[in-house]
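We're numbering straight along the sequence, starting at 1.
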Amino acid sequence: LRARSRQLDPITQSYAADPVVSAFRYRIADVDSQLSSIPEGRLNQAEAQRLWGQRVALLESLAEVRRGRAALQPAVY
């Protein structure tokens with residue numbers, strides 16, 4: 001999940017001013033905050049898996065929004 005998260009991060013960086021994208025970025029930041037607020041030794045495997053899974057799911061959804069928006073943009077020749 002961490003590797004997939006690293007793959008998706010660059011894809012989801014654009015469209016920062018878009019309110020939908022901002023909402024996703026806020027939710028991702030919330031998960032990041034949860035991951036970083038628990039000391040490494042205290043985060044149990046199930047909780048870590050849940051949080052990383054949630055982060056990847058949010059990034060994949062955000063990437064899908066980005067791809068959908070790109071498909072709607074007219075081509076410039």
Side-chain angles (χ1 to χ4, degrees):
L1 289 172
R2 290 179 188 194
R4 181 69 176 139
S5 180
R6 282 192 300 272
Q7 288 174 334
L8 289 166
D9 268 331
I11 296 169
T12 60
Q13 293 301 315
S14 63
Y15 298 99
D18 184 308
V20 173
V21 172
S22 294
F24 273 106
R25 298 302 292 169
Y26 179 81
R27 291 176 63 196
I28 292 164
D30 183 51
V31 172
D32 288 345
S33 175
Q34 290 177 54
L35 283 165
S36 66
S37 69
I38 302 170
E40 188 76 27
R42 292 190 163 192
L43 185 65
N44 69 45
Q45 187 64 27
E47 182 68 3
Q49 187 78 7
R50 183 187 71 77
L51 288 170
W52 278 104
Q54 186 177 4
R55 188 178 199 283
V56 168
L58 287 166
L59 285 168
E60 287 177 339
S61 296
L62 181 52
E64 195 62 34
V65 166
R66 184 176 180 262
R67 284 189 291 270
R69 298 255 170 95
L72 294 175
Q73 292 180 348
V76 177
Y77 297 100

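Residue I28 holds its CD1 atom at 4.0 Å from CG of L59, rounded to the nearest 0.5 Å.
Taking the side chain as every heavy atom from C-beta outward, L35 and W52 approach each other to under 4.5 Å. Annotation: side chain of L58 is not in contact with side chain of R25 (no heavy-atom distance under 4.5 Å).
Using a distance-only test at 3.5 Å, with no hydrogens or angles considered, a donor-acceptor pair links the side chain of S37 to the main chain of S33.
By the side chain to side chain contact (heavy atoms under 4.5 Å, CB included) test, Q34 pairs with D30, R50, L51, sequence neighbours left out. In this view, V65 and V20, F24, R69 satisfy the side chain to side chain contact (heavy atoms under 4.5 Å, CB included) rule, not counting sequence neighbours.
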